[in-house]
Amino acid sequence: MTITYRWRGDVDNALLGALHADGFGHPPDGTDWRTQLERHSLGWVCAWEDGSLVGFVNVAWDGGAHAFLLDTVVARHCRSGGVGAHLVAVAAEQARAAGCEWLHVDFEDHLRPFYLDACGFRETSAGLIAL
């Protein structure tokens with residue numbers, strides 16, 4: 001399988017919606033991804049295999065030193081093959097190139113091995129308020 005990665009690649013709402021729904025286990029919800037990304041993101045990384053969107057990560061930011069990973073998702077048939085880690089590596093490289101000093105990510109406990117081991121994040125203390 002040959003995967004290509006594109007920073008700020010063309011995003012098709014239907015394809016990204018389908019990938020997101022499959023990856024997170026919910027029906028497609030009609031999100032206007034393109035508008036959301038253009039409005040709130042430093043950039044995003046798309047992974048493509050033979051014309052199919054197989055991976056995605058969004059890099060939101062504060063306009064300064066902090067970038068944040070959101071919506072990291074890989075198609076089920078491409079998981080455990082390094083696609084997700086490569087998405088994160090490209091995101092980190094581009095955030096660094098934009099002058100960011102920190103890349104943050106929140107994740108569920110079952111994703112600890114992916115983010116801490118495969119991607120190289122280090123554990124930190126954080127807080128959260130459910131709204």
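Numbers here are sequence positions counted from 1. None of these values were measured; they are calculated from a predicted model.
At a threshold of 4.5 Å between side-chain heavy atoms, the hydrophobic network of Ile, Leu, Val, Met, Phe, Trp and Tyr places Val57 and Leu70 in two separate groups. In terms of hydrophobic clustering, with Ile, Leu, Val, Met, Phe, Trp and Tyr side chains grouped at heavy-atom distances under 4.5 Å, Trp33 and Phe24 are assigned to a common cluster. Linking ILVMFWY residues whenever their side-chain heavy atoms come closer than 4.5 Å, directly or via other members, leaves Val59 and Val11 in distinct clusters. Linking Ile, Leu, Val, Met, Phe, Trp and Tyr residues whenever their side-chain heavy atoms come within less than 4.5 Å leaves Phe68 and Leu111 in two separate clusters.
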### Task
List the steps, then state whether side chain to side chain contact (heavy atoms under 4.5 Å, CB included) holds for Trp48 with Leu15.
CA-CA 11 Å; Trp48 296 91; Leu15 291 177; 4.1 Å; yes

### Task
Go through the steps to decide whether Thr124 and Trp102 satisfy the test side chain to side chain contact (heavy atoms under 4.5 Å, CB included), and finish with yes or no.
CA-CA 12 Å; Thr124 63; Trp102 301 99; over 6 Å; no

### Stepwise side chain to side chain contact (heavy atoms under 4.5 Å, CB included) test for Arg112 and Asp109
CA-CA 5 Å; Arg112 293 174 71 77; Asp109 200 49; 2.6 Å; yes

### Task
Determine, step by step, whether Val88 and Phe121 satisfy the side chain to side chain contact (heavy atoms under 4.5 Å, CB included) criterion, reporting the C-alpha distance in whole Å, the side-chain angles of both residues, the deciding distance to 0.1 Å, and the verdict.
CA-CA 10 Å; Val88 172; Phe121 282 87; 3.8 Å; yes

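Distance check: Ile3 CD1 to Leu87 CG gives 9.0 Å after rounding to the nearest 0.5 Å. Of the inter-residue distances, the one linking Leu19 atom CG with Asp12 atom CG reads 11.5 Å to the nearest 0.5 angstrom. Separating the CH2 atom in Trp7 from the CD atom in Gln94 is a distance of 5.5 Å, to the nearest 0.5 Å. In this structure, Gln36 CD and His40 NE2 are separated by 6.5 Å, a value rounded to the nearest 0.5 Å. Atom OG in Ser41 sits 7.5 Å away from atom CZ in Arg8 (nearest 0.5 Å).
In this structure, Leu16 and Phe56 have side chains that are in contact, with non-hydrogen atoms separated by less than 4.5 Å. Put simply, the side chain of Glu49 reaches to within 4.5 Å of the side chain of His77, judged on heavy atoms. In this structure, His20 and Asp71 have side chains that are in contact, with non-hydrogen atoms separated by less than 4.5 Å. Using a 4.5 Å heavy-atom threshold, the side chains of Val90 and Glu93 count as separate. In this structure, the side chains of Leu69 and Asn58 stay at 4.5 Å or more apart for every pair of heavy atoms. Contact annotation: the side chain of Cys100 approaches that of Trp61 to within less than 4.5 Å [non-hydrogen atoms, C-beta and beyond].
Judged by distance alone, with hydrogens and angles left aside, the side-chain atoms of Arg6 form no donor-acceptor pair with the main-chain N or O of Val45 at under 3.5 Å. At least one donor-acceptor pair under 3.5 Å links the side chain of Trp44 to the backbone N or O of Gly9. A side-chain donor-acceptor contact under 3.5 Å links Arg76 to the backbone of Asp22.
Taking both residues in full, the closest heavy atoms of Ala21 and Pro27 are given as CB-C, 3.8 Å, listed atom of the first, atom of the second, then distance. Scanning both residues, Leu42 and Ala98, for their nearest heavy atoms gives CD1-CB, 3.8 Å. Looking at every heavy atom in both residues, Val54 comes nearest to Cys78 through CB-SG, 3.8 Å. Across Cys46 and Leu53, no two heavy atoms sit closer than the pair CB-CD1, 3.8 Å.
Between Glu101 and Arg96, no side-chain nitrogen of the basic residue sits less than 4.0 Å from a carboxylate oxygen of the acidic one, so the salt-bridge criterion is not met.
Of the residues listed (Thr35, Asp32, Thr31), the one engaging Asn13 in a side-chain hydrogen bond (donor to acceptor under 3.5 Å, both in side chains) is Asp32, and it is the only one.
The neighbour count for Asp106 CG, taken as heavy atoms of other residues, nucleotides or ligands under 6.0 Å away, does not exceed 12.
Centroid-to-centroid, the aromatic rings of Tyr5 and His86 come within less than 6.0 Å.
Checked by atom type, the side-chain pair Ser52/Asp50 shows no donor-acceptor distance below 3.5 Å.
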